Amino acid sequence: MSQNPTKHTKVLILGSGPAGYTAAVYAARAMLKPILINGVEPGGQLSTTTDVENYPGFADVIQGPWLMEQMKKQATTVGTEVIEDHIKEVKLNEKPFKAIGDGGQVYTADSLIISTGAQARWLNIKSEQEFKGFGVSACATCDGFFFKGKEVAVVGGGNAAVEEAMFLTKFASKVTLIHRRDKLRAEKLLQSRLMNNKKIEIVWDTIVEDVFGEKNPKNVKGIKIKNVKTNKTSELKIDGLFIAIGHDPATSLFKGQLNMDKEGYLITKPDSTVTNIPGVYAAGDVKDKIFRQAVTAAGMGCIAALEAEKFLSH
């Protein structure tokens, strides 16, 4: 098999969400001719998000995929080369840095911006994956609208779960929050709002064991739940199940090379995107487990490009 020649760039950007594209826009405008590898989910989490109402600059509701398409066009217009590939290995202990694509294409770079994002965690039960997109979702803001007047359940106990549950009360007639412990991790203000919401019922000490429904057309009819203290199982009739048990950053590539916390998020210097290796930067959800917003990711992408430019000029 003939090997493509190695592609070299001053700035290699991994990931094509708001962080990656914003980094690309800034790097391209600094005449650094960046290469952006768009990865397995081009556009990142926003490409699976329908209505976006909190990205500044748009008075009307915009669509996530459209916003990402615009960012991509902007990045390419100012001089970014966007390549469809998925990186399977990186070598950060040699200069220039090296990244190897699935098909064997080798990329070398003087600086590297990592904006590989994070993915929602799933319960990993077979029936959940079976009904994914047919009543099972990991994004209330994306899919809540489809459950007008219906009964839904949310799994989780952190801020995300509580926010999703409250958001869903705009559409659903009833929301059941299912948590495996006897108290929530969510911040107190959110908890009190939750408790005061007449549409929400909390089921404590409970896990979801199975999702059931109709096969044709596919839709969820209910879930089988188990109380972890009594081991009693029961069935809950619902039309939709939302999983809100956290996210996993896409950082397995960098294990043993970059400093990360126990959950796998990349660690950067305060008020900076600099990692423990000079010339390697991390921006967006890959390093931010607190805010995880498109606008904060974009802000970090900007910082990463400016920091890379400064690094390269020395």
Side-chain angles (χ1 to χ4, degrees), residues 17 41 44-46 48-49 116-144 146-147 151-169 171-172 174-191 193-195 197 200-213 220 222-229 231 233-236 238-252 260-265 284-293:
E41 194 180 84
Q45 294 183 77
L46 269 191
T48 57
T49 307
T116 46
Q119 284 89 32
R121 255 181 233 152
W122 296 92
L123 299 172
N124 289 325
I125 45 181
K126 192 172 161 283
S127 54
E128 161 201 62
Q129 296 303 317
E130 225 173 281
F131 286 103
K132 197 169 156 180
F134 297 94
V136 175
S137 166
C139 180
T141 42
C142 319
D143 302 324
F146 304 118
F147 297 93
E151 298 194 0
V152 299
V154 177
V155 182
N159 284 354
V162 172
E163 280 167 2
E164 303 245 303
M166 294 197 305
F167 176 81
L168 287 164
T169 59
F171 309 103
K174 183 184 175 189
V175 178
T176 305
L177 181 68
I178 300 167
H179 186 39
R180 60 184 177 181
R181 300 198 175 88
D182 55 7
K183 56 173 177 290
L184 300 171
R185 293 190 314 279
E187 56 196 53
K188 296 290 179 271
L189 178 71
L190 282 175
Q191 288 197 38
R193 279 192 201 152
L194 180 86
M195 309 289 180
N197 195 313
I200 299 174
E201 184 186 323
I202 305 174
V203 178
W204 303 104
D205 302 314
T206 296
I207 56 171
V208 175
E209 288 205 315
D210 200 17
V211 183
F212 58 89
V220 169
I223 50 175
K224 189 174 145 197
I225 53 178
K226 177 173 118 179
N227 184 304
V228 292
K229 289 193 173 161
N231 279 334
T233 58
S234 56
E235 285 186 359
L236 182 67
I238 50 164
D239 303 293
L241 179 66
F242 290 85
I243 315 297
I245 54 174
H247 287 74
D248 290 312
T251 54
S252 52
M260 43 182 87
D261 70 10
K262 60 181 194 300
E263 293 168 80
Y265 288 87
D285 288 14
V286 80
K287 64 141 284 185
D288 166 32
K289 58 184 170 191
I290 300 169
F291 302 110
R292 287 205 303 263
Q293 299 300 307

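No experiment lies behind these values; they were computed from the predicted model shown.
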(message) Let's go through Arg193 and Val162 carefully: what are the C-alpha distance in whole Å and the side-chain angles of both, what is the deciding distance for side-chain contact (heavy atoms from CB on, under 4.5 Å) to 0.1 Å, and is it a yes or a no?
(response) CA-CA 9 Å; Arg193 279 192 201 152; Val162 172; over 6 Å; no
(message) Taking side-chain contact (heavy atoms from CB on, under 4.5 Å) as the criterion, tell me which of Leu241, Ile243, Val155 meets it with Glu128.
(response) Ile243
(message) Determine whether Val211 and Glu130 satisfy the following criterion, side-chain contact (heavy atoms from CB on, under 4.5 Å), listing intermediate values before the conclusion.
(response) CA-CA 9 Å; Val211 183; Glu130 225 173 281; over 6 Å; no
(message) Leu194 and side-chain contact (heavy atoms from CB on, under 4.5 Å): which single residue from Leu177, Thr169, Val175 fits?
(response) Leu177
(message) A quick test of your reading: do over 12 heavy atoms of other residues, nucleotides or ligands sit less than 6.0 Å from CZ of Phe212?
(response) yes
(request) Report the distance from atom CD of Glu263 to atom CG of Asp248, rounding to the nearest 0.5 Å. (result) 8.5 Å
(request) Mind checking the CD-CG spacing from Glu187 to Asn159? Nearest 0.5 Å is all I need. (result) 4.5 Å
(request) Give a yes or no on whether the backbone of Ile245 and the side-chain of Arg121 come within a donor-acceptor separation of less than 3.5 Å. (result) yes
(message) Nearest 0.5 Å, please: how far is CD in Glu151 from CD1 in Ile238?
(response) 9.0 Å
(request) May I ask you to check whether over 12 heavy atoms, not counting those of Arg180, lie within 6.0 Å of atom CZ? (result) no
(message) Looking at every heavy atom in both Tyr265 and Lys289, which two are closest together, and how far apart are they?
(response) CZ-CB, 3.3 Å
(message) With side-chain contact (heavy atoms from CB on, under 4.5 Å) as the criterion, how do Lys183 and Gln191 come out once you've worked through the C-alpha distance, each side chain's angles and the decisive distance to 0.1 Å?
(response) CA-CA 10 Å; Lys183 56 173 177 290; Gln191 288 197 38; over 6 Å; no
(request) Locate the shortest heavy-atom distance separating Val154 from Ala165; write the atom from each residue and the value. (result) CG2-CA, 3.9 Å
(request) Nearest 0.5 Å please: distance from the CD atom of Gln293 over to the CG atom of Leu46. (result) 9.5 Å
(message) Can you confirm whether or not the ring centre of Phe242 sits under 6.0 Å from the ring centre of Phe167?
(response) no
(request) Scan Ile178, Asp210, Thr176 and name whichever one has a side-chain contact (heavy atoms from CB on, under 4.5 Å) with Ile223. (result) Ile178
(request) Report the distance from atom CD of Gln45 to atom CD of Gln119, rounding to the nearest 0.5 Å. (result) 7.0 Å
(request) To the nearest 0.5 angstrom, please state how far the NZ atom of Lys226 sits from the OG atom of Ser234. (result) 12.0 Å
(message) Give me the atom names and distance for the closest heavy-atom approach of Ala172 to Val152.
(response) CB-CG2, 3.8 Å
(request) Taking all non-hydrogen atoms of both residues into account, name the closest pair between Trp204 and Arg181 and its distance. (result) CE3-O, 3.5 Å
(request) Among Thr206, Asp182, Asp205, find the residue that satisfies the side-chain contact (heavy atoms from CB on, under 4.5 Å) test when tested with Val228. (result) Asp205
(request) Heavy atoms only: give me the nearest Gly156-Ala161 pair and the separation to one decimal. (result) C-CB, 3.4 Å
(request) Please test Glu209 against Ile125 for side-chain contact (heavy atoms from CB on, under 4.5 Å), starting from the C-alpha separation and ending with a verdict. (result) CA-CA 7 Å; Glu209 288 205 315; Ile125 45 181; over 6 Å; no
(message) To check you understand the geometry: which heavy-atom pair defines the closest contact between Ala138 and Ala120, and what is its length?
(response) CB-CB, 3.7 Å
